[in-house]
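Below is one structure, written out as structure tokens; the observations come after it.
Bear in mind that the values here come from a model prediction, so they are computed numbers and not experimental data.
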Amino acid sequence: MMAVVAILPRFKKEQQVSFVGGLGIIKDYLPEAGTWTYLIEMEMGLEPEMGRIGNETRVLLPETDICLSQD
């Protein structure tokens, strides 16, 4: 028999958060090993002289590495 413990995520989609390395917006999250992993779209900085090649950078971070943004 398997016991399932439902722990709600600490952050919600489209919520602005901070982490070591910058600021970003939560785009998605998924349960992983008793915690949550979040897909965060980082804020874009100033556009470089050569222009941009792609979209914003997205990173996967565990819940323990994320804080609420203090704007």
Quick check for you: to the nearest 0.5 Å, what is the distance between [X] atom [atom1] and [Y] atom [atom2]?
{"X": "Lys13", "Y": "Lys27", "atom1": "NZ", "atom2": "NZ", "answer": "10.0 Å"}
{"X": "Ile40", "Y": "Leu61", "atom1": "CD1", "atom2": "CG", "answer": "4.5 Å"}
{"X": "Leu23", "Y": "Glu43", "atom1": "CG", "atom2": "CD", "answer": "4.5 Å"}
{"X": "Ile25", "Y": "Arg58", "atom1": "CD1", "atom2": "CZ", "answer": "11.0 Å"}
{"X": "Leu30", "Y": "Thr35", "atom1": "CG", "atom2": "OG1", "answer": "10.0 Å"}
{"X": "Trp36", "Y": "Ile7", "atom1": "CH2", "atom2": "CD1", "answer": "9.0 Å"}

- Parallel, tilted or perpendicular: ring planes of Tyr38 versus Tyr29, cut at 30 and 60 degrees: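 Rings of Tyr38 and Tyr29: tilted, as their planes differ by 30° to 60°.
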- Answer yes when Glu63 and Arg10 have at least one side-chain N-carboxylate O distance shorter than 4.0 Å, and no when they do not.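 Here Glu63 does not pair with Arg10 in a salt bridge, since their nearest N and O are not under 4.0 Å apart.
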- Message: Tell me the closest heavy-atom pair linking Ser18 and Leu68, and the distance in Å.
- Response: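 In terms of heavy atoms, the two residues are closest at OG-O, 3.8 Å.
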- Message: Could you go through Val59 and Met42, starting from their C-alpha distance and side-chain angles, then the distance that decides it, and tell me whether this counts as side chain to side chain contact (heavy atoms under 4.5 Å, CB included)?
- Response: CA-CA 7 Å; Val59 294; Met42 294 177 68; 4.0 Å; yes
- Can you check side chain to side chain contact (heavy atoms under 4.5 Å, CB included) on Lys12 and Ile26, steps first, answer last? CA-CA 7 Å; Lys12 296 178 170 70; Ile26 303 287; over 6 Å; no
